[in-house]
Amino acid sequence: MNNENFDRTVVLNSEEAMAQYEASLKSGKVKKYQDIGPGAVLGNWRILKQLAEGGMGEIFICHPVDDVQSRAVMKILRANTQRSPVGKKRFLREYQLQKEMDHPCIAKMLDGNFDREPEYIVIEYIEGISLAQAVAENYEFPLEYCLYLLEVVGLTLQYAWDNFHVLHRDIKPSNIMLKESGELVL
């Protein structure tokens, strides 16, 4: 990602952020949705670094422009998915359902933009490591803790189904975050 020419001026509202982004597009400093990365401001969120790329979009660590100490996770919908009615509908549904969920093991939905491209959602940042990282780093978990993890994941998925008729569709170790306290968050 080449963002060195992106104007990193702090923007305080989404109208100004979009105007800045559109001006950068017109000037050729960035390409549509491809050069969004560190330093870019979308809405009231400044992107810090890319975490991953998923099937529907890119995932970044960000912070509110007026609070550089806070952290959140931003998922930006891919341009080709934004043009897909099914992809857009699924992304909006993810936002709406997660926004309604109130469970200690489900990351909180903080914000979302569906009025203009690029569409994005912002989710609570969980301090810790993923279960995939823990396994890759050869963490040794006692049997009791493994059973606890299975039970909590199962109960959390049951909560989502019982209350919202939601199936996660992407349960895997990289989507299970372990806090330092040992608690987990999906």
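Residue numbers run from 1 in the order of the sequence given.
A donor-acceptor pair under 3.5 Å links the side-chain atoms of Asn113 to the main chain of Arg116, judged by distance alone.
Counting heavy atoms from C-beta outward, Met101 and Asn163 have side chains that stay 4.5 Å or more apart. Considering only heavy atoms from C-beta on, Val135 stays 4.5 Å or farther from Pro173 through its side chain. In this structure, Val153 and Ile176 have side chains that are in contact, with non-hydrogen atoms separated by less than 4.5 Å. In this structure the side chain of Arg93 never reaches within 4.5 angstrom of the side chain of Gln98, judged on heavy atoms. Between Glu119 and Ile76, the closest side-chain pair of non-hydrogen atoms is not below 4.5 Å. With a 4.5 Å cut-off on side-chain heavy atoms, Asp66 and Asn44 do not count as touching. No side-chain heavy atom of Met177 sits less than 4.5 Å from a side-chain heavy atom of Leu184. In this structure the side chain of Phe60 never reaches within 4.5 angstrom of the side chain of Tyr120, judged on heavy atoms.
In this structure, CD in Glu53 is found 5.0 Å from CD in Glu58, a value given to the nearest 0.5 Å. Within the model, atoms OG1 of Thr156 and NE2 of His103 stand 4.0 Å from one another, a figure rounded to the nearest 0.5 Å. Expressed to the nearest 0.5 Å, how far CE of Met109 lies from CD of Gln96 amounts to 10.0 Å. Summarising the geometry, atom CD1 belonging to Ile36 is positioned 6.0 Å from atom CD1 belonging to Ile47; distances are rounded to the nearest 0.5 Å.
For the side-chain hydrogen bond (donor to acceptor under 3.5 Å, both in side chains) test, no residue two or more places apart in sequence or in another chain qualifies with Asp102. Checked against side chain to side chain contact (heavy atoms under 4.5 Å, CB included), Lys172 has the following partners two or more places apart in sequence or in another chain: Asp170, Ser174, Asn175. Applying the side chain to side chain contact (heavy atoms under 4.5 Å, CB included) rule to Ile171 yields the partners Leu157, His168, Leu186; only residues at least two apart in sequence or on another chain are considered. Residues that satisfy the side chain to side chain contact (heavy atoms under 4.5 Å, CB included) test with Ala72, not counting sequence neighbours, are Trp45, Cys62, Leu110, Val122. Residues satisfying the side-chain hydrogen bond (donor to acceptor under 3.5 Å, both in side chains) test with Gln133, not counting sequence neighbours, are Ser130. Looking at residues two or more places apart in sequence or on another chain, you find a side chain to side chain contact (heavy atoms under 4.5 Å, CB included) between Lys179 and Ile126, Ser181, Glu183, Val185. Applying the ring pair (Phe, Tyr, Trp, His ring centres under 6.0 Å) test to Tyr95 and every residue at least two apart in sequence or in another chain returns Phe114.
Atom CD of Glu137 has more than 12 neighbouring heavy atoms from other residues, nucleotides or ligands inside a 6.0 Å radius.
Taken together through direct or relayed side-chain contacts under 4.5 Å among Ile, Leu, Val, Met, Phe, Trp and Tyr, Leu92 and Leu97 form parts of separate hydrophobic clusters.
Residues Trp161 make up the rest of the hydrophobic cluster containing Leu167, defined by ILVMFWY side-chain heavy atoms closer than 4.5 Å, directly or through other members. Here Ile59 is tied into one hydrophobic group with Leu48, Leu51, Ile61, Val73, Tyr125, each link being a pair of ILVMFWY side chains closer than 4.5 Å.
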Working note: Ile123 + Lys108, criterion side chain to side chain contact (heavy atoms under 4.5 Å, CB included); need CA distance, chi angles, decisive distance, verdict. CA-CA 6 Å; Ile123 304 165; Lys108 307 275 184 269; over 6 Å; no
Check residues 138-152 and write down every donor-acceptor pair under 3.5 Å in which the side-chain atom is one partner and the other belongs to a residue at least two apart or another chain.
unit_1 : atom_1 : unit_2 : atom_2 : d
Tyr145 : OH     : Gly182 : O      : 2.7

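Legend: side-chain hydrogen bond (donor to acceptor under 3.5 Å, both in side chains) pairs involving residues 67-77, not counting sequence neighbours, sorted by first then second residue: Asp67-Ser70, Lys75-Glu94.
Classification of the Tyr159-Phe164 ring pair by plane angle, with boundaries at 30° and 60°, yields perpendicular.
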